[in-house]
2 protein chains.
Amino acid sequence: MADRVTTPPAAASWLAIPPGHPFGLATLPYGVFHTAALPTARVGVAIGEFVLDLNAAMNELAPDLAGLVAVGSLDVLLAAGPSAWQRVRESITTWLSEPSYRSRVLPHLIPVDDVLMHVPFTVADYVDFYASEQHATNLGRMFRPDQEPLTSNWRHLPIGYHGRSGTIVASGRDIVRPSGQRRTPTGEIVFGPSTRLDIEAEIGFVVGTSSTLGEPVGLEDFSRHVFGVCLVNDWSARDIQAWEYVPLGPFLGKSFATSISPWIVPLAALGDARVGPPDRSVPLLGYLDDAEAEPWGLDIRLEVRLNGWLVSSPPFAGMYWTGAQMLAHLTANGASLRTGDLYASGTISGERADQRGSLIELSWGGSEPLSLPDGSTRTFLEDGDEVVITATAPGPGDSVIGFGEVRGRIVARDR
Amino acid sequence: MADRVTTPPAAASWLAIPPGHPFGLATLPYGVFHTAALPTARVGVAIGEFVLDLNAAMNELAPDLAGLVAVGSLDVLLAAGPSAWQRVRESITTWLSEPSYRSRVLPHLIPVDDVLMHVPFTVADYVDFYASEQHATNLGRMFRPDQEPLTSNWRHLPIGYHGRSGTIVASGRDIVRPSGQRRTPTGEIVFGPSTRLDIEAEIGFVVGTSSTLGEPVGLEDFSRHVFGVCLVNDWSARDIQAWEYVPLGPFLGKSFATSISPWIVPLAALGDARVGPPDRSVPLLGYLDDAEAEPWGLDIRLEVRLNGWLVSSPPFAGMYWTGAQMLAHLTANGASLRTGDLYASGTISGERADQRGSLIELSWGGSEPLSLPDGSTRTFLEDGDEVVITATAPGPGDSVIGFGEVRGRIVARDR
């Protein structure tokens with residue numbers, strides 16, 4: 001992380017935003033919302049404790065750009081590509097920083113408590129990687145105790161698999177405890193509600209610009225295709241997963257729900273969060289070798305809260321594989337990208353015990369229950385438990401880039 | 001297969017269709033096409049050597065149903081559900097069988113040689129199963145020679161995984177040979193064009209009616225949700241797959257392309273193809289137990305041709321898991337269905353050597369090359385090779401239900 005470049009403070013807003021606010025002028029994340037008064041989905045930008053109604057503001061202040069946000073989803077903006085992303089961000093920055101715009105912008109600011117947030121884009125394909133060395137090592141130790149924890153391919157390629165895009169839900173939606181097959185410790189095969197329901201704290205990358213089938217996307221094209229970043233909680237039923245996943249990988253242990261944060265933080269906001277990747281222990285093939293490339297490690301600091309209590313602080317900066325490498329690998333075989341593709345990092349776990357991004361690691365497979373401040377203990381999630389994942393990253397000067405939150409509460413199926 | 005029920009012959013068409021034609025009046029598959037004269041995508045139905053322009057015919061003959069096919073894809077029809085499917089099929093059957101409609105239908109029949117076919121619906125999520133006992137056994141023997149060929153879960157649940165829906169392509173599209181990482185026999189990790197490019201002959205199930213998140217779809221609801229069936233060639237790069245697939249399953253070895261046949265055969269055409277499932281060797285959990293359920297085995301007979309030569313004849317009737325069981329499993333954890341979800345059976349392989357649905361099985365991992373009639377041999381696919389998969393099933397009386405074909409030719413990336 002020694003090579004992080006810091007930039008001067010961004011302009012200040014005429015809005016009174018406390019210093020260090022995660023949604024200051026340097027963040028400007030995009031989302032889709034509605035309110036009681038505006039019941040049709042609209043594109044918005046978070047600023048302080050407000051949401052800027054971008055549809056309305058564009059119509060008034062930049063009608064030539066209004067088509068990019070007209071449909072109540074980010075799809076058109078995502079597809080429009082980097083120069084459009086830059087123009088829109090510059091416009092919004094100007095409106096919120098130059099006092100001359102104040103009177104025209106104020107009517108389009110909505111208190112954040114009044115909005116309800118949606119999944120902000122049409123999710124095309126969803127891929128989940130496995131890019132944390134600590135997480136993969138921890139899981140390997142628990143799932144395959146008789147073998148080396150990292151499989152022989154792990155340091156050569158970012159392992160990933162496709163998930164179910166149709167069950168990606170917005171933060172705040174309750175998660176119905178899944179049922180499924182599992183093998184009991186005595187070897188019985190039974191069906192019923194998962195008894196080892198878990199979280200996975202992850203970062204997700206949102207693809208804007210599509211690519212052509214048969215043409216790989218190189219490391220250097222990451223920021224031409226990826227629009228931004230969100231938080232992901234990839235809920236996991238460990239008992240279902242453990243029984244089903246050999247030989248074709250996770251399926252029903254994951255596909256019941258994946259929650260994402262509603263605010264997409266553009267890559268343009270993450271310049272000061274960029275750090276060098278960690279040292280890799282084996283040489284990488286050319287399409288993955290980022291030694292000479294622009295660094296795409298990201299110093300994003302996550303926090304995981306269970307029923308309000310902080311249980312983990314996973315650091316994204318230490319991930320073995322970067323988002324740029326994941327993208328290069330995902331397309332190395334010629335697979336094409338579509339606007340709205342989402343790929344996630346896999347569980348983020350650091351070296352310390354309090355940096356592990358899943359309960360199976362925090363409770364070491366259930367053998368070391370977590371003690372919560374109310375005197376209760378947890379191995380896996382109980383009905384009624386609520387998990388909230390938040391994150392921040394360094395911004396220009398002493399500003400903070402916030403990612404908002406991804407929140408979900410477990411409910412029994414027979415509710 | 002002893003319990004197949006045969007129904008009386010369907011009505012004859014006033015069109016002169018030879019007996020036994022795969023696209024006779026009993027089939028009526030749906031697709032999406034354009035022609036030089038009609039360049040906008042339209043919904044069509046195959047009948048004999050013609051395609052009925054369903055958009056035009058509906059407008060004239062059943063304007064109350066025309067909205068179901070108005071958008072140039074099957075999406076609206078798929079979402080409309082079983083009673084709409086039945087009304088449309090009955091209408092088309094009437095138009096093509098009652099001579100009084102002849103003069104009004106004839107102008108909307110287009111010679112099949114004039115049409116170009118599309119992927120006929122928006123593919124939502126794509127899942128691939130692994131439902132052939134022979135195929136799973138053969139692959140297990142080759143990939144894990146030191147272990148039991150079938151993993152311990154195989155007879156308890158239909159193993160499946162999510163594939164990449166964004167790289168599903170229409171029959172006829174060239175397939176660019178993928179590059180990727182592989183481990184050489186001497187243990188080197190290299191990147192380059194796949195040297196073990198393979199096919200997988202499969203049946204795909206197309207979901208029409210969506211379902212609600214958190215609510216499983218039982219065996220008995222299969223025909224309420226699944227609209228019909230197509231052919232799938234799930235191209236596979238075995239060298240990429242073998243290196244990457246532990247522990248999270250196939251990824252780049254599959255995601256470069258999956259070809260599907262352009263004609264979707266509705267379940268309503270497959271009544272005479274229904275057969276009982278095979279005997280299962282272990283008891284099934286309730287949600288998968290079809291002993292008392294309506295049988296959803298399907299006597300579909302596939303043929304695989306390589307450069308015109310028949311190399312395999314895989315029988316779908318012997319599959320261990322039925323399409324209804326796959327659907328019940330896919331949703332057992334509460335995962336929801338969307339209109340346009342596609343799930344495929346996995347490679348179909350029978351007991352005989354000439355019934356294996358992939359080259360890795362036909363050439364036994366490359367060790368027993370196939371001899372082709374032109375004197376050449378094949379282990380895996382060479383550039384320029386063309387693979388065509390076709391299929392038929394028994395229809396009412398002595399009629400034949402055809403599935404058309406899924407065709408693809410391999411081209412080098414540097415073309």
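In the text below, chain A, chain B and the rest are named by the order of the sequence lines, each starting its count at 1.
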Novice: Of all heavy-atom pairs between B:V246 and A:N153, which one has the smallest distance, and what is that distance?
Specialist: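 For B:V246 and A:N153, the tightest heavy-atom pair comes out as O-ND2, 3.0 Å.
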Novice: Among residues two or more places apart or on two chains, list those pairs meeting salt bridge (charged side-chain N to carboxylate O under 4.0 Å, His left out) that have a residue in residues 189-200 of chain A.
Specialist: A:D198-A:R238, A:E200-A:R238, A:E200-A:K254
Novice: Under 4.5 Å heavy-atom distance to chain A, tell me which part of B:L337 shows up: side chain, backbone, both or neither.
Specialist: both
Novice: Can you tell me how far apart CD (A:E244) and NE2 (B:H156) are? Round to the nearest 0.5 Å.
Specialist: 14.5 Å
Novice: Among A:G163, A:S210, A:A124, which residue forms the greatest number of heavy-atom pairs with chain B at distances under 4.5 Å?
Specialist: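 The option with the most such pairs is A:G163.
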Novice: How about residues 180-188 of chain A versus chain B: which residues have heavy atoms under 4.5 Å apart?
Specialist: A:Q181, A:R183
Novice: Is it the case that B:S165 and A:R338 place a side-chain donor and acceptor less than 3.5 Å from each other?
Specialist: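 Yes, a side-chain donor-acceptor pair sits under 3.5 Å.
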Novice: Is the distance between the ring centroids of A:Y161 and B:H162 under 6.0 Å?
Specialist: no
Novice: Quick check: do B:F251 and A:L330 have side-chain heavy atoms less than 4.5 Å from each other?
Specialist: yes
Novice: I'd like to verify something: which residue of B:T167, B:V169, B:L288 has the highest number of heavy-atom pairs under 4.5 Å with chain A?
Specialist: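 Most heavy-atom pairs within the cutoff with chain A belong to B:T167.
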Novice: Among A:W154, A:F256, A:W243, single out the residue with the greatest number of heavy-atom pairs under 4.5 Å to chain B.
Specialist: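 Going by pairs under 4.5 Å, I would pick A:W243.
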Novice: Heavy-atom distances under 4.5 Å only: say whether B:P216 touches chain A with side chain, backbone, both or neither.
Specialist: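 The answer is the side chain of B:P216.
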Novice: Please report the C-alpha distance between A:R173 and B:L213 in whole Å, then the side-chain angles of each, then the deciding distance to 0.1 Å, and finally whether the side-chain contact (heavy atoms from CB on, under 4.5 Å) criterion is met.
Specialist: CA-CA 11 Å; A:R173 177 147 176 176; B:L213 188 62; 3.5 Å; yes
Novice: Chain B: which of A:P193, A:A136, A:S152 shares the most heavy-atom pairs with it under 4.5 Å?
Specialist: A:S152
Novice: With a 4.5 angstrom heavy-atom cut-off, which part of B:Y287 approaches chain A: side chain, backbone, both or neither?
Specialist: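 Only the side chain of B:Y287 comes within 4.5 Å of chain A.
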Novice: Heavy-atom pairs under 4.5 Å with chain A are the metric here; pick the option from B:L157, B:V282, B:I159 that has the most.
Specialist: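 Most heavy-atom pairs under 4.5 Å with chain A: B:L157.
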Novice: Can you list every pair that meets salt bridge (charged side-chain N to carboxylate O under 4.0 Å, His left out) and has a residue in residues 131-154 of chain A, with sequence neighbours left out?
Specialist: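 Every salt bridge (charged side-chain N to carboxylate O under 4.0 Å, His left out) pair that includes a residue of residues 131-154 of chain A, provided the two are not neighbours, is A:E133-A:R155.
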Novice: Kindly give the heavy-atom pair with the smallest separation between A:G166 and B:D125, and that separation in Å.
Specialist: N-OD2, 2.7 Å
Novice: Using non-hydrogen atoms and a 4.5 Å limit, figure out which bit of A:T151 sits close to chain B: side chain, backbone, both or neither.
Specialist: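 For A:T151, the contact with chain B is made by the side chain alone.
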Novice: Where does B:S255 contact chain A at under 4.5 Å (heavy atoms): side chain, backbone, both or neither?
Specialist: both
Novice: Should B:I189 and A:L285 count as side-chain neighbours, where that means a heavy-atom distance under 4.5 Å?
Specialist: yes
Novice: Please check if the side chain of B:N333 supplies one atom and the backbone of A:G253 the other of a donor-acceptor pair under 3.5 Å.
Specialist: no
Novice: Do any pairs count as a salt bridge (charged side-chain N to carboxylate O under 4.0 Å, His left out) and have a residue in residues 159-168 of chain A, sequence neighbours left out, and if so which ones?
Specialist: A:R164-B:D341
Novice: How about B:P247 and A:Y245: do any of their side-chain heavy atoms sit closer than 4.5 Å?
Specialist: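 Contact flag for B:P247/A:Y245 side chains = yes.
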Novice: B:G286, B:A257, B:P250: which one forms the most heavy-atom pairs within less than 4.5 Å of chain A?
Specialist: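 Between B:G286, B:A257, B:P250, the count favours B:P250.
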